[in-house]
Undergrad: 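If you scroll down you'll find the structure; I have some questions about it.
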Number of protein chains: 2
Amino acid sequence: MRMSEQRRTTIKDVAEAADVGVATVSRVLSGTGSASPATRERVLAAAARLDYRPSALGRNLRRRRTGGIGLLIPDITDSFYARLADGVLACAQSAGEPVMIGTTGDDPEREAELIGSLIEESVERVIAVPSGDGEMWGPAFRAGLGVVFAERPVRGREDVPAVVTDDRSGVRTAVEYLAALGHRRVAFLARHGQEQRVRAFREAMGALGLPVDEELIVRARATRDSAYAAAAGLLHHRSDLTAVLAGGNLLGEAAVLAARELDVRVPRDVSLIMFDDVPWAELCWPPLTVIAQPAQDMGYRAAELVLRQGRRTRGVVLPTELIVRGSCGPRR
Amino acid sequence: MRMSEQRRTTIKDVAEAADVGVATVSRVLSGTGSASPATRERVLAAAARLDYRPSALGRNLRRRRTGGIGLLIPDITDSFYARLADGVLACAQSAGEPVMIGTTGDDPEREAELIGSLIEESVERVIAVPSGDGEMWGPAFRAGLGVVFAERPVRGREDVPAVVTDDRSGVRTAVEYLAALGHRRVAFLARHGQEQRVRAFREAMGALGLPVDEELIVRARATRDSAYAAAAGLLHHRSDLTAVLAGGNLLGEAAVLAARELDVRVPRDVSLIMFDDVPWAELCWPPLTVIAQPAQDMGYRAAELVLRQGRRTRGVVLPTELIVRGSCGPRR
DNA sequence: CATCCTCATGGAAACGATTCCATCATGATT
DNA sequence: AATCATGATGGAATCGTTTCCATGAGGATG
């Protein structure tokens with residue numbers, strides 16, 4: 001039974017124990033400045049003996065900044081963002097930087113709140129999958145935050161480095177693959193905010209001389225319910241379509257479920273191709289053909305970028321890869 | 001182009017602008033102490049005009065603690081832990097508390113490092129899925145951290161509140177279900193650290209008069225590779241077994257994959273039941289029968305517990321639920 | 001031998017909040 | 001009218017670091 005809350009051992013205690021000034025202790029421990037071997041030894045010994053750990057609070061206040069990285073993602077439950085976060089954590093932890101995480105639910109308002117709280121905590125580096133638009137991020141830049149966007153850039157903030165996948169090439173690959181199988185009426189299930197991919201979709205369809213039917217481009221919010229509603233609506237009302245491109249794994253999941261529910265067989269009745277390779281794509285029946293994105297890599301690279309934040313850094317575009325499994329077939 | 005790094009507005013600036021002392025500003029803004037309506041008004045106006053946000057750094061140093069909670073999980077890529085984290089975030093964010101996250105990879109050493117870094121940051125509340133044993137956590141308690149364990153308790157630290165699932169009941173339900181289908185030789189694919197479930201398994205088998213074959217209890221580490229090796233080994237060498245109980249979604253995934261690879265049909269050749277309901281369980285073929293665990297709830301409750309950390313708090317045991325889909329059939 | 005440079009060292013001033021305590025005004029009580 | 005209680009207020013101490021600056025010792029150079 002301990003008597004009471006004992007005081008944390010501070011740099012002062014170490015200084016006394018080693019019989020030197022606090023300045024010397026600080027210098028020795030942080031490795032900056034000079035100190036004679038003899039005192040260095042004494043200080044190190046005292047610190048070890050007292051099991052001293054410098055308080056990040058004191059240091060941060062003095063330095064007027066908090067180490068660490070803020071990470072803002074829409075939904076940690078989504079395998080893509082989980083892998084992204086994993087990459088960020090891998091890099092940050094190997095650099096010894098703590099990570100503060102927040103989920104926005106793709107809601108600009110929540111995002112703004114979280115940005116505010118990061119500023120309050122004096123976090124100076126942020127990796128974000130942005131939900132809001134450019135002005136949402138005004139306070140962040142005014143506060144001098146180092147920001148790196150991931151997965152998607154923000155319109156009007158092209159100066160901020162972003163780590164994204166090569167949407168155009170990914171979409172084109174998918175569309176070309178479907179076209180080669182004879183499909184002409186292909187639908188695109190997109191999430192709000194994937195306008196880049198939508199544009200790429202129109203472009204790729206046009207380039208192949210396929211008709212672009214705006215009604216075959218449907219958008220959903222980033223929830224399972226919304227995704228399911230969109231997928232079911234599409235499959236129900238448009239029995240003329242022969243292929244579906246899902247813009248993300250949530251959309252793909254919804255498409256599989258909706259197809260089963262409506263008794264639409266994949267790939268016999270419609271072919272399905274999904275953005276993002278997830279572990280279950282292989283477990284699914286039929287196994288899903290996907291456009292893989294290096295999510296974990298994306299996080300890692302973003303973390304590298306935000307940590308190096310010194311020289312003028314440009315964004316990164318990561319390649320996608322078509323992985324053919326069993327969810328696409330020739331046009332019926 | 002901004003001229004230079006402008007200084008952050010501090011409480012002093014607000015005090016000057018409102019023509020009061022800093023103490024008054026602090027009192028008004030934190031709501032403690034008294035202030036006349038007139039000055040309160042002036043202070044609030046000045047704070048709003050200057051867009052003042054108190055620095056958490058200053059506050060924390062003075063209070064000698066950091067708000068917020070630390071969250072330590074083995075792997076954010078695992079749907080179970082992602083949902084757990086989501087629950088923690090939901091609770092923490094609604095309480096306005098920042099969350100510092102770290103992944104241990106189920107490695108006690110990494111866990112110890114992360115605990116150290118939390119102490120350094122003066123984080124005072126931690127939710128952890130523990131990897132190490134009791135002594136690993138010594139420094140944490142010595143530093144006065146409020147700890148809540150999630151998913152599994154730590155042997156020798158029974159005084160620490162833990163939020164867990166009802167393993168005994170979950171395992172028993174699964175085993176009884178399989179037994180009712182006629183299965184007698186059922187295997188248990190466990191992850192290291194699931195000894196609680198292993199014990200429950202032996203117990204449940206024994207209670208039903210089924211033979212407990214220790215060789216049908218295999219353990220894997222918390223990686224996909226290790227899980228696959230374990231599952232494949234089991235299915236390959238023991239063609240006499242008729243049912244498999246997987247201790248987690250990684251194990252279940254591995255079992256499905258291994259079965260397919262070895263041309264073992266589910267549920268015709270072996271029945272499969274998995275701990276943890278994940279979105280893909282329904283997408284899988286056959287759809288997986290599972291023992292659902294309220295992962296997100298678990299995180300939420302753990303966060304509640306660690307935030308209330310005041311009165312003597314006991315742990316929580318959450319119920320499981322059998323969800324029958326299509327991966328179990330009568331004994332062949 | 002005088003001067004200068006370098007290095008080791010410790011005192012003290014930040015950093016930005018909270019909070020104790022003393023002061024002062026005002027109105028109530030004796 | 002004298003005393004007291006109450007509430008508003010600001011100065012200053014404090015939290016645990018880092019870092020600037022002054023000091024002094026000692027060796028090298030003239």
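Note: hydrogens, waters and symmetry copies are ignored here, and every other heavy atom, side chains too, is used. The chains referred to below are lettered A, B, ... by the order of the sequence lines, with proteins before strands, and numbering in each begins at 1.
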Undergrad: For A/D106, what residues pass the salt bridge (Lys or Arg N to Asp or Glu O under 4.0 Å) criterion, not counting sequence neighbours?
TA: A/R152
Undergrad: Using a 4.0 Å cut-off to any heavy atom of chain B, which nucleotides of DNA chain C are the first and last in contact, reading 5' to 3'?
TA: C/dG16 to C/dT19
Undergrad: What pairs with A/E195 under salt bridge (Lys or Arg N to Asp or Glu O under 4.0 Å), at least two apart in sequence or on another chain?
TA: A/R219
Undergrad: What pairs with B/V22 under side chain to side chain contact (heavy atoms under 4.5 Å, CB included), at least two apart in sequence or on another chain?
TA: B/I11, B/K12, B/A15
Undergrad: Distance-only check: which donor-acceptor pairs under 3.5 Å involve side-chain atoms of residues 112-121 of chain A, not counting sequence neighbours?
TA:
residue, atom, partner, partner atom, Å
A/E120, OE1, B/R53, NE, 3.4
A/E120, OE1, B/R53, NH2, 3.1

Undergrad: Angle between the two end axes of the helix from C/dC1-D/dG30 to C/dT30-D/dA1, five base pairs per end, rounded to 10 degrees?
TA: 60°
Undergrad: Are there over 12 heavy-atom neighbours, none belonging to B/R42, within less than 6.0 Å of that residue's CZ?
TA: yes
Undergrad: Kindly state each residue pair satisfying salt bridge (charged side-chain N to carboxylate O under 4.0 Å, His left out) with at least one member in residues 122-139 of chain A, sequence neighbours excluded.
TA: A/R65-A/E124, A/E97-A/R125
Undergrad: For A/N60, check side-chain hydrogen bond (donor to acceptor under 3.5 Å, both in side chains) against everything at least two apart and list the hits.
TA: none
Undergrad: Report, as a single string ordered 5' to 3', how protein heavy atoms within less than 4.0 Å touch nucleotides 13-23 of chain D: B base, S sugar-phosphate only, - not at all.
TA: BBBBBBB----
Undergrad: Mind checking if B/D19 touches a base, just sugar-phosphate, or nothing, with heavy atoms under 4.0 Å?
TA: sugar-phosphate
Undergrad: Pairs in or reaching into residues 77-93 of chain B: which pass salt bridge (charged side-chain N to carboxylate O under 4.0 Å, His left out), with residues at least two apart or in two chains?
TA: B/R83-B/D276
Undergrad: With sequence neighbours left out, what residues match A/E111 under salt bridge (Lys or Arg N to Asp or Glu O under 4.0 Å)?
TA: none
Undergrad: Return the set of residues passing side chain to side chain contact (heavy atoms under 4.5 Å, CB included) with A/R110 (not counting sequence neighbours), or none when no residue passes.
TA: A/T103, A/D107, B/Q93
